[in-house]
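Chain naming here is simple, since letters A, B, ... match the order of the sequence lines and numbering starts at 1 in each.
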There are 2 protein chains.
Amino acid sequence: MTENSAGQPDTPYSPTNVTLDAGNTLAQAACKALRVDIIRGVRSPGERLRIEKLKTIYNVGPTPLREALQMLAADQLVLAEGNRGFTVAPLDLNEFEDLNRARTAIETAALRLSIADGGTDWEAGVVAASYVLKKEDAALLQANGGVTDAWEQANSAFHTAIVSACGSRWLLRARRGLHDQCERYRRASVYRKRGERDLNAEHQAIAEAALARNVDLACTLTERHFALTASLLSDATSRLEADRKASTG
Amino acid sequence: MTENSAGQPDTPYSPTNVTLDAGNTLAQAACKALRVDIIRGVRSPGERLRIEKLKTIYNVGPTPLREALQMLAADQLVLAEGNRGFTVAPLDLNEFEDLNRARTAIETAALRLSIADGGTDWEAGVVAASYVLKKEDAALLQANGGVTDAWEQANSAFHTAIVSACGSRWLLRARRGLHDQCERYRRASVYRKRGERDLNAEHQAIAEAALARNVDLACTLTERHFALTASLLSDATSRLEADRKASTG
DNA sequence: AATTTCATTTTTCTCGACATTATTTATTTT
DNA sequence: AAAATAAATAATGTCGAGAAAAATGAAATT
């Protein structure tokens with residue numbers, strides 16, 4: 001298997017296989033599988049998504065595939081330029097600044113509402129997710145650089161739990177879209193200076209502030225938390241850009 | 001032409017015709033046309049969107065139509081239930097509370113950022129949009145109930161101008177999606193107690209607070225502005241529900 | 001040598017017909 | 001009347017042909 005400049009395998013995962021659960025179509029199933037693959041980097045940023053190729057990979061006909069790609073294009077995970085086919089939305093670190101600003105704004109807005117409205121069940125959810133994440137944060141210190149699947153899930157679950165009581169599914173939806181995008185950047189990058197960061201401490205502090213109903217502190221900590229991630233990602237700029245150019249073919 | 005219980009024509013507009021400008025496909029063009037029609041109520045909430053019917057209305061084949069509908073489903077303007085076809089997303093006033101909460105949160109978040117970052121060009125944009133809206137607000141007082149096309153455009157342009165300097169296209173995108181949804185509710189409803197409301201005063205106050213860089217005031221006024229609209233929409237609950245049931249067929 | 005023009009090739013998109021599958025409606029049976 | 005079965009209807013998926021657009025490459029021009 002080929003490797004990139006950081007010594008990480010190019011495709012750590014194999015394509016998600018398309019399975020249609022009851023009550024939805026092949027197009028929706030293909031969309032789901034492709035979404036996961038794009039977020040996890042199985043389909044790498046900038047990659048051309050030719051129908052003929054995808055047909056053989058996912059065992060789905062052209063019609064549901066095109067529909068799936070159009071849905072993903074609506075979510076900005078895929079780029080659909082007229083008459084030029086589909087490509088995985090490229091990662092652009094200028095764009096990321098913009099993206100991170102949006103996600104921070106929405107996350108803190110949801111956080112405010114959630115802390116104001118959250119009941120005991122919310123508190124319990126936060127405590128539980130915090131507990132799971134604590135272990136994954138510790139495990140991440142042992143890992144050699146890359147973000148793992150289990151950590152991503154625990155991290156995502158933790159932040160979701162904290163904002164879950166905001167009382168607006170629409171807000172949570174908007175938030176999810178931005179988080180999916182951010183996850184792509186996280187997974188594509190490698191934490192070079194991870195030693196300088198104590199993720200566990202950050203997460204625990206956020207959880208504590210939220211449970212103490214200290215709105216302003218929780219928001220401030222979250223903002224810093226996201227900003228810190230962003231600055232570490234920026235460190236990986238050159239590598240990302242270099243890899244992109246290298247894989248143009 | 002048939003009329004609903006408020007004496008408004010059921011379909012005040014005719015279907016937008018699908019025209020493909022350079023650089024995009026029929027599917028995208030159909031999506032754009034359908035989006036406009038759904039937002040304006042040309043295709044009414046809950047309406048079944050059968051491919052065969054749409055083919056004759058929009059003069060587009062089944063393939064691009066399905067793709068367009070899937071895109072709109074991703075934006076929650078269309079409901080795609082597996083193997084049961086497509087329907088225009090219904091209007092639900094419980095849902096609207098949720099929706100309005102999300103839009104208020106995102107709007108005020110963008111507002112904060114915009115007021116902090118906005119330069120002279122931003123100020124000029126706000127002043128200009130405010131001027132245009134002033135006239136439309138006045139014209140609305142003469143109109144008998146329903147929100148007009150021109151007012152919607154001016155209103156949308158005004159609120160967009162105010163948040164335009166927030167520095168995040170992703171945030172503006174999330175915001176637009178929610179505004180499109182809200183516009184559907186506004187247009188579907190009729191302002192019954194419009195006499196009790198001075199829209200122009202509200203808008204001018206928001207503009208003034210923003211230009212004076214009074215962040216908290218601008219946000220508070222915007223929140224009230226949205227909440228007031230929401231409460232007036234709630235008044236129209238019974239009519240909306242009744243019309244929906246009447247048109248089931 | 002660089003650029004433009006034109007024709008060729010390739011890719012993408014759209015259409016329509018048909019097969020398959022799921023859902024709804026009608027009928028029969030218990 | 002309720003449940004089970006069968007027919008009708010509608011939605012989805014597959015395929016292949018053809019149209020339209022973009023990319024490619026060769027020849028002509030500057």
Between [N] ([atom2]) and [X] ([atom1]): distance, integer Å:
X: Glu52(A); N: dC13(C); atom1: CD; atom2: P; value: 12 Å
X: Ile51(A); N: dC13(C); atom1: CD1; atom2: C1'; value: 10 Å
X: Gln70(A); N: dT14(C); atom1: CD; atom2: C1'; value: 13 Å
X: Arg50(B); N: dA10(D); atom1: CZ; atom2: P; value: 6 Å
X: Leu69(B); N: dG13(D); atom1: CG; atom2: P; value: 13 Å
X: Lys55(B); N: dA17(C); atom1: NZ; atom2: C1'; value: 10 Å
X: Asn24(A); N: dA22(C); atom1: CG; atom2: C1'; value: 13 Å
X: Asn83(B); N: dT12(D); atom1: CG; atom2: C1'; value: 6 Å

Next on the checklist: Is a donor from one side chain sitting under 3.5 angstrom from an acceptor on the other, for Glu67(A) and Gln70(B)?
Outcome noted: yes

Next on the checklist: Whether the Tyr185(B) and Asp92(B) side chains hold a donor-acceptor pair (N or O, under 3.5 Å, no angle test) is what I'd like checked.
Outcome noted: no

Among [options], the nucleotide that comes nearest once only the side chain of [X] is considered:
X: Phe86(B); options: dC13(C), dG13(D), dT12(D); answer: dT12(D)
X: Glu67(A); options: dA23(D), dA11(D), dG13(D); answer: dG13(D)
X: Leu26(A); options: dG13(D), dC13(C), dT24(C); answer: dG13(D)
X: Thr25(B); options: dG13(D), dA23(D), dT14(C); answer: dT14(C)
X: Thr63(B); options: dT12(D), dC15(C), dA11(D); answer: dC15(C)

Checklist entry - Considering heavy-atom distances to DNA chain D, does Pro64(A) or Arg84(A) have its closest nucleotide positioned more toward the 5' end? => result Pro64(A)

Item to check | Residue whose closest nucleotide on DNA chain D lies nearer the 5' end, Pro62(A) versus Gly85(B) | outcome: Gly85(B)

Item to check | By side-chain hydrogen bond (donor to acceptor under 3.5 Å, both in side chains) - contacts of Arg48(B) (at least two apart) | outcome: none

Checklist entry - Between His179(A) and Phe226(A), how do the two ring planes meet: parallel, tilted or perpendicular, split at 30° and 60°? => result perpendicular

Next on the checklist: Is it the case that the side chain of Glu81(A) and the backbone of Thr87(A) share a donor-acceptor pair, with hydrogens and angles ignored and the cut-off at 3.5 Å?
Outcome noted: no

Item to check | Earlier contact from the 5' end, DNA chain C, for Leu65(B) and Arg48(A) | outcome: Arg48(A)

